Structures are given as C-alpha cells and as structure tokens.
Visitor: 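Questions regarding the structure given below will be posed in turn.
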Amino acid sequence: MSRTIVLAYSGGLDTSVCVRWLADRGWRVVAFMANVGQGEPERDAVRRAKAAGAAAVVVRDLRREFARDYILPSLKAHAVYEGKYLLATALSRPLIAKHLVDVAQQKRAGAVAHGCTGKGNDQVRFEVSVRALDPRLQVVAPVREWEFRSRAEELAYLKRRRIPIQLKARSLYSIDENLWGLSIESGSLEDPWTEPPADSFRWVNTPREAPAKGAAVTVEFQQGVPVALNGRRLGLVALIERLCGIAAEHGVGRSDLIESRVVGIKSREVYEAPAATVLTEAHAELERLVLDRGLLHVKQAMALTYAELVYDGLWFTPLKAALDAFVNETQRRVTGAVRLKLHKGVCQVVGRRSPHGLYRKRLATYGKGGAFDQSMAAGFIKLWGLPYEGAA
Ligand code: ARG
C-alpha cells in the first residue's frame, strides 16, 4: 500500500506535531491546507509544515465553494443546532474532507489524517465523510493515538526532534474560524457558570460598546440566495464578509450554550456568527411572507433534522441530498427583500417585501373595506371543531 498520507493541516501546534509524528512512523506526509476564510497567513503555515517534515504542501482556496455548496444549503434550510449554533465549524468539515480525499487520490495516497482529538465531533465528521467518499482510504488520527498529554509535551517532542517552529502567541481558548463563524472553547469557558470573558470574543463587539446609533440593513434574496446588501449586488463570499463586519460592529451574533456532542458529552461552547445570524433571520422572515402555512411548518420541522445531520457529520448521505431537493423546491418563491435593524446586540426584522408575497392587506386589514367575509368563519369553525365535540 502507498505510504503517502494527506494530512488536514491547520498550521497550529497539534497538526504540526502530527506532521512530524507521521513522518517518524514512515509516512510521506502531504500537508493539505484549506482556506475557508480563517484569515491565517498561509506562508507562515506552509513554512511550519515543511519545517515539521512535510514532503509537500497543498493549499486550496475553498471560500467560494464553501459559500455556495455548504453555507448556502444550510442557510436555505435554516440549520441551527439546538436552537443556538449556526454550524460554522460543522459545515467546513465535509468540504475539507472532500478535498482531502481529492488530494489523496491525486497523490495516490493510501491514507488521510486529521488532528482531531477523540472527544469532539470533528473526528466524526471527517471520518464519516472520508469513508462516504472513498472507503478505501485508511484514516489516521494521531492526536487520538499519541502519547503526548499536554502542549508542553508536544513542544518538547518537537524540540527533541530539533524542529524549529514559530507558533503564533497561544490563545487561552481553542478557536476554529471560517467565513461563516467562529467557535471558541476551553480555558475559563469550561465552567458553565462563568460568563465568557471579553477576551474570548474575536469578532463581535460587546453590545454595551457597540455604537449608540444602530445600523439599518437590507438584504435581497433571489430564490433563497442572498444577492444584495444595502442595494449593492455582491457575490456570496463578499456579501457574507461585508455583513459580518456590520453585524459584528453592532454586537450581533454571539451565542453561549451547553451543547450535546455526538460522542455523548455536554460541552460549553461560545460562538460568533454575525452574518449567519442576520442572514438566517432575514431568510426565515422572507419565507414567512412567501410560503403557505403548511409548507412553512413542514420546512420548519425539517430545519431541525437538517441541523442535526450537519452537526452529526452526515453531509454525504442520501438523506442530505433528499432534504436539499425538498428545500430547493421551496426556494422558488423566496425572492424579495428584508429590512433589519442592528442595535447593541439586537437584530430585528422591521420590513419585508416580495413579488410572491402571500400577505394581502385587503384580507388582513382591521380597517374599513376588507375583502374577508367574516360570516364564513362561523361555518368553518363548526366543521373544524366537529371531531372534538365533547372530546375533553
Ligand atoms: N462544538 C463545535 C462543533 O462541534 C465546535 C468545535 C470547534 N472546534 C474548536 N477547535 N474550537 O461543531
């Protein structure tokens, strides 16, 4: 079997140690770096991978694909896990896995590797995705196997192996960042009673420090796709980036929750997802305007399933494809605009309109001259309640 292995490389300490550890076990290591909008200077990371012993480094800019094929389906489905997590990290994993497999096939590798621990969801997402895409590939998870029990032990190993690695200043938290959001964990956050300290957030302003004057935002959608922000047409990546800046400035998009992991544990998680929060609110509001009651309610129920599927690492499955087909069918009428106000941490929809809107003022009005024939309501209620007469 080929002794080439492709490692999902982030540039941090763990995956740098993974490079060395795999090389020490006879693997020819190809480090694969995915740019999903984490804003890491690539050059430094490439240098680190090489210093650690990577035979080759492959870098791919996946931001557009991430936005189009992962963020967008999830936005259309309103995937929010346990009511609070907009799934930024979870969505990036199948994309990275897909390219990991692609690079492995290109390089005729026999295996792929990732730097996840054995306690998290990400190992599940990577491995289930890789197996769905190419079951012949072996998967190695060094962090789950190796003997190091702390950062200090990892650093000592690199020192012993005379690997000079310049790492960024260590954050107090474990952070995963991409275009759609930021996941923050560990450090003092491990006490669920402790309020997240100000320094645990990277993007979003503390509401108290946000400008006293809020911001008005208009998002336009075409068949469920956000296409313009404040009247300006933008590609999805640029739109998300720009909206992220605005919402973050106004304190919108933080969440703090106890989360149920796939592997059975509860964990304390803090997230920042400013653009995701605003776009999900806006998109959901537009659907309230254009989808009929029955369809809207079925879709709302499916949002839970969709979120669970993304969280659980089941992206490359027939269920996901079938749900996408349903969701896409619902998006045909989701064209229009939504107005929102962002102010000191609050994101509020204040207006919506669509050429396919089902709102009819002449039916809804309490004012004079409505077209709704109220006399029909009495008969409707009689039949509606018929099965339940005396039921209680
Ligand atoms: N709990 C989240 C998830 O499972 C985020 C994991 C983020 N990883 C990190 N290194 N902070 O999707």
Side-chain angles (χ1 to χ4, degrees), residues 7-18 33-34 36-40 45 66 70-71 73-75 77 79-97 113-129 141-144 150-151 154 167-168 170-192 196-197 199-204 253-274 276-277 280 304 306-315 320:
L7 166 72
Y9 181 72
S10 75
L13 177 64
D14 281 347
T15 51
S16 297
V17 175
C18 284
M33 291 186 60
V36 284
Q38 67 271 47
E40 262 263 302
F66 186 39
Y70 295 79
I71 291 174
S74 169
L75 168 65
V80 185
Y81 185 68
E82 295 188 337
K84 283 187 163 183
Y85 171 32
L86 283 140
L87 295 161
T89 297
L91 284 166
S92 72
R93 298 321 187 200
L95 169 66
I96 295 170
H114 60 72
C116 307
T117 72
K119 295 178 87 168
N121 301 310
D122 288 333
Q123 53 174 347
V124 178
R125 298 168 185 149
F126 276 130
E127 293 181 36
V128 171
S129 298
V143 180
R144 229 161 41 195
S150 65
R151 248 183 111 79
E154 290 179 37
L167 286 159
K168 300 179 301 182
R170 163 127 171 82
S171 154
L172 293 168
Y173 309 97
S174 159
I175 293 181
D176 181 68
E177 178 177 349
N178 65 45
L179 188 59
W180 199 228
L182 216 141
S183 307
I184 309 154
E185 47 190 20
S186 81
S188 64
L189 299 172
E190 286 184 356
D191 177 357
D199 73 352
S200 58
F201 297 104
R202 291 284 178 285
W203 291 356
V204 178
R254 286 183 178 180
S255 64
D256 171 356
L257 64 143
I258 296 294
E259 178 178 304
S260 316
R261 287 196 185 164
V262 183
V263 293
I265 42 186
K266 294 273 189 192
S267 61
R268 201 284 182 82
E269 308 279 340
V270 173
Y271 297 106
E272 296 183 275
T277 300
T280 305
L304 286 179
Y306 204 99
E308 251 169 50
L309 168 159
V310 173
Y311 190 85
D312 294 356
L314 303 179
W315 188 263
K320 149 77 171 51

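All values derive from a computational prediction rather than experimental measurement. As the structure lists them, so they are numbered: ligands from 1, and atoms in each ligand from 1.
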Visitor: Using heavy atoms and a 4.0 Å limit, tell me yes or no: is Arg125 in contact with ligand 1?
Guide: yes

Visitor: Is the closest side-chain heavy-atom distance between Glu154 and Asp14 below 4.5 Å?
Guide: yes

Visitor: Do any nitrogen or oxygen atoms of Arg261 come within less than 3.5 Å of a nitrogen or oxygen of ligand 1?
Guide: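 No; the residue has no nitrogen or oxygen that sits under 3.5 Å from a nitrogen or oxygen of the ligand.
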
Visitor: Asn121: what forms a side chain to side chain donor-acceptor pair (under 3.5 Å) with it, not counting sequence neighbours?
Guide: Tyr311

Visitor: Would Tyr85 count as a polar contact of ligand 1, with the cut-off being nitrogen or oxygen pairs under 3.5 Å?
Guide: yes

Visitor: Holding to side-chain contact (heavy atoms from CB on, under 4.5 Å), I want the full list of residues that pass it with Ala273, two or more places apart in sequence or in another chain.
Guide: Leu86, Ala276, Thr277

Visitor: Is there a side-chain contact between Asp176 and Arg93 in this structure, where contact means two heavy atoms from C-beta onward sitting under 4.5 Å apart?
Guide: yes

Visitor: So is Tyr271 close enough to ligand 1, meaning a heavy atom under 4.0 angstrom away?
Guide: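 The answer is yes: ligand 1 sits under 4.0 Å from a heavy atom of Tyr271.
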
Visitor: Around atom 4 (O) of ligand 1, find the nearest protein heavy atom and jot down its residue, atom name and distance.
Guide: Asn121 ND2, 2.6 Å

Visitor: Assign the ring pair His114 / Phe126 to parallel, tilted or perpendicular, where the plane angle (0 to 90°) is split at 30° and 60°.
Guide: parallel

Visitor: To which protein heavy atom is atom 8 (N) of ligand 1 closest, and what is the distance rounded to 0.1 Å?
Guide: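 Answer, as residue, atom name and distance: Glu185 OE2, 3.5 Å.
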
Visitor: If the cut-off is 4.0 Å to any non-hydrogen atom of Ser183, which atoms of ligand 1 fall inside it?
Guide: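 Close to Ser183: 5 (C), 7 (C), 11 (N).
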
Visitor: For atom 10 (N) of ligand 1, which protein heavy atom lies nearest, and how many Å away is it?
Guide: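 Checked against all protein heavy atoms, atom 10 (N) of ligand 1 sits closest to Ser174 OG, 2.9 Å.
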
Visitor: Using only atom types and a distance under 3.5 Å, with no angle test, would you say the side chain of Glu82 pairs donor to acceptor with the backbone of Ser260?
Guide: yes

Visitor: What is the ring orientation for Phe66 with Tyr70, classed by angle as parallel under 30°, tilted 30 to 60°, or perpendicular over 60°?
Guide: tilted

Visitor: Note the single closest protein heavy atom to atom 1 (N) of ligand 1, along with its residue, its atom name and the distance in Å.
Guide: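 In this structure, atom 1 (N) of ligand 1 has Glu259 OE2, 2.9 Å as its nearest protein heavy atom.
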
Visitor: With a 4.0 Å cut-off on heavy atoms, does Tyr173 reach ligand 1?
Guide: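 Per 4.0 Å heavy-atom rule, Tyr173 does not contact ligand 1.
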
